[in-house]
Protein chains: 2
Amino acid sequence: MAKAERGPRERMIFSAAQLIRRDGVVSTGMREVAVDAAAPRGSLQHYFPGGKAQLVDEAVGWAGGYAAGRVERFLAALPEPTPSGLFASMVRQWTDEYEADGFAGGCPVAAALVDCAEAVPSTRKAASAAFSTWTGAVAEALTEMGVPGERAGPLATLMISSLEGAILLARAERDVRALTTVARELGPVLDAAVREKGG
Amino acid sequence: MAKAERGPRERMIFSAAQLIRRDGVVSTGMREVAVDAAAPRGSLQHYFPGGKAQLVDEAVGWAGGYAAGRVERFLAALPEPTPSGLFASMVRQWTDEYEADGFAGGCPVAAALVDCAEAVPSTRKAASAAFSTWTGAVAEALTEMGVPGERAGPLATLMISSLEGAILLARAERDVRALTTVARELGPVLDAAVREKGG
DNA sequence: CCTCGACTATGACCGTGGTCATAGTAGTCT
DNA sequence: AGACTACTATGACCACGGTCATAGTCGAGG
């Protein structure tokens with residue numbers, strides 16, 4: 001991951017997301033975040049007066065924006081954009097990471113949900129917003145590829161649901177099998193939704 | 001949920017699963033489990049000398065068996081078994097719960113993974129085994145319905161991945177939309193895998 | 001009755017971690 | 001220089017929670 005050379009505030013949000021991804025929200029300490037971000041501990045209460053909840057919420061929001069940004073970049077990188085190609089790119093981001101760095105991390109939004117959905121209302125809303133941002137980006141990409149408007153939303157939901165679930169399975173099994181499986185199974189289904197253009 | 005009138009040990013495992021489902025592993029205290037199970041605190045160290053890890057592992061294992069058992073019961077309850085019907089039943093279990101009791105809980109296996117996958121190796125293995133048990137039951141059901149053997153496994157993985165992901169989305173959004181969407185989108189795909197029998 | 005095992009009951013210990021309080025530094029504007 | 005703001009630095013407080021130690025109950029068997 002590119003180490004953004006931004007200010008300490010952004011570095012802490014980024015570090016929080018990374019640590020949450022690996023250990024979950026509750027097991028991730030504020031002090032730990034500061035150390036990981038090479039930021040002074042005192043900055044935590046300065047930049048995040050709302051405490052841990054605020055930091056977590058911002059980390060979740062960052063993750064949502066990051067995922068949406070990736071979708072756009074995947075789209076731009078595809079020589080011939082197809083829904084299956086986009087989904088394959090999204091999945092490959094995970095298989096690449098798992099094969100290169102091991103199965104240490106999951107999705108930070110999922111982690112925040114599991115740990116905070118019931119206990120911290122603002123975090124649940126942040127997670128909802130993150131998914132919404134992400135799903136919106138995917139749906140928009142599908143529409144640009146020729147998927148009818150009323151089909152783009154449901155298919156985006158299906159893609160992200162499958163991906164999130166496959167991430168869980170892959171992490172449990174320490175094997176990318178589930179990820180490659182959903183990509184292979186869903187690819188043709190997604191492409192079938194593109195309205196025929198050329199014949 | 002039927003309150004099993006078993007011994008305190010099983011009640012504690014059941015309670016642990018329920019609490020983990022709602023709050024995650026780390027936020028669920030041992031004392032809390034004992035109270036919820038109406039079991040004496042002293043029984044914790046008696047029945048689970050391996051400590052919290054053992055309790056969590058057994059809760060995850062119980063959840064896997066429970067899910068697999070549900071699959072068989074869904075299958076038996078379907079007048080005319082089809083893959084889409086089975087998947088609809090699996091999804092409906094969640095929509096029913098969410099509509100009746102609110103969006104408080106997620107999948108305990110997912111929760112255990114998020115919180116412990118990296119920190120507690122035995123729990124990661126327990127989660128893997130739980131998914132395996134569950135996936136196996138689904139694959140077997142698909143095979144009985146006429147899905148070719150080499151297709152059953154991948155489709156079972158797809159079903160469980162989508163379901164797990166949709167649970168996350170539904171909980172975030174506090175709306176069963178994602179669950180009903182994946183059921184609707186995947187139904188025809190699953191049924192298409194049944195080899196034609198009658199024409 | 002005594003004992004032994006299974007189970008229950010509690011209090012103590014100790015690390016962890018979020019938060020708060022209080023200061024200290026550094027740069028800038030007047 | 002003085003003052004004001006932004007940021008850094010730390011120590012203390014306090015609650016929580018897993019674990020351990022110790023002891024109590026209670027039924028069965030001899």
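Owing to the predicted nature of the structure, the values given are computational and were not obtained by experimental measurement.
Separating the CE atom of B/M30 from the P atom of C/dG15 is a distance of 19 Å, rounded to the nearest angstrom. In this structure, CG of A/D36 is placed 14 Å from P of C/dG17, rounded to the nearest angstrom. Rounded to whole Å, atom P of C/dT19 lies 8 Å from atom NZ of A/K52. Computed from coordinates, the B/D23 CG to D/dG17 P distance equals 10 Å when rounded to whole Å. Atom-to-atom, CG of B/L44 to P of D/dC20 comes out at 13 Å; the value is rounded to the nearest Å.
Looking at A/E97 and A/Q93, their side chains never bring a donor and an acceptor atom within 3.5 Å of each other.
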Quick tally for nucleotides 6-12 of chain C: nucleotides whose base has a protein heavy atom under 4.0 Å get B, sugar-phosphate-only ones S, the rest -, giving SBBBBBB

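One N or O on the side chain of A/R171 and one on the backbone of A/A104 form a donor-acceptor pair closer than 3.5 Å. At distances below 3.5 Å, at least one donor-acceptor pair connects side-chain atoms of B/D115 with backbone N or O atoms of B/V26. A/S128 contributes no side-chain N or O that, together with a main-chain N or O of A/R124, makes up a donor-acceptor pair within less than 3.5 Å.
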Exercise answer: donor-acceptor pairs, residues 31-50 of chain B side-chain atoms, under 3.5 Å, sequence neighbours excluded:
residue: B/E32; atom: OE1; partner: B/G29; partner atom: N; Å: 3.1
residue: B/D36; atom: OD2; partner: B/S15; partner atom: OG; Å: 2.6

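Sorted by first and then second residue, the pairs that involve residues 101-128 of chain A and meet ring-ring contact (aromatic ring centres under 6.0 Å, His included), not counting sequence neighbours, are A/Y98-A/F103.
Across the interface with DNA chain C, nearest-nucleotide mapping of A/P49 and A/E32 shows A/E32 to be the residue nearer the 5′ end.
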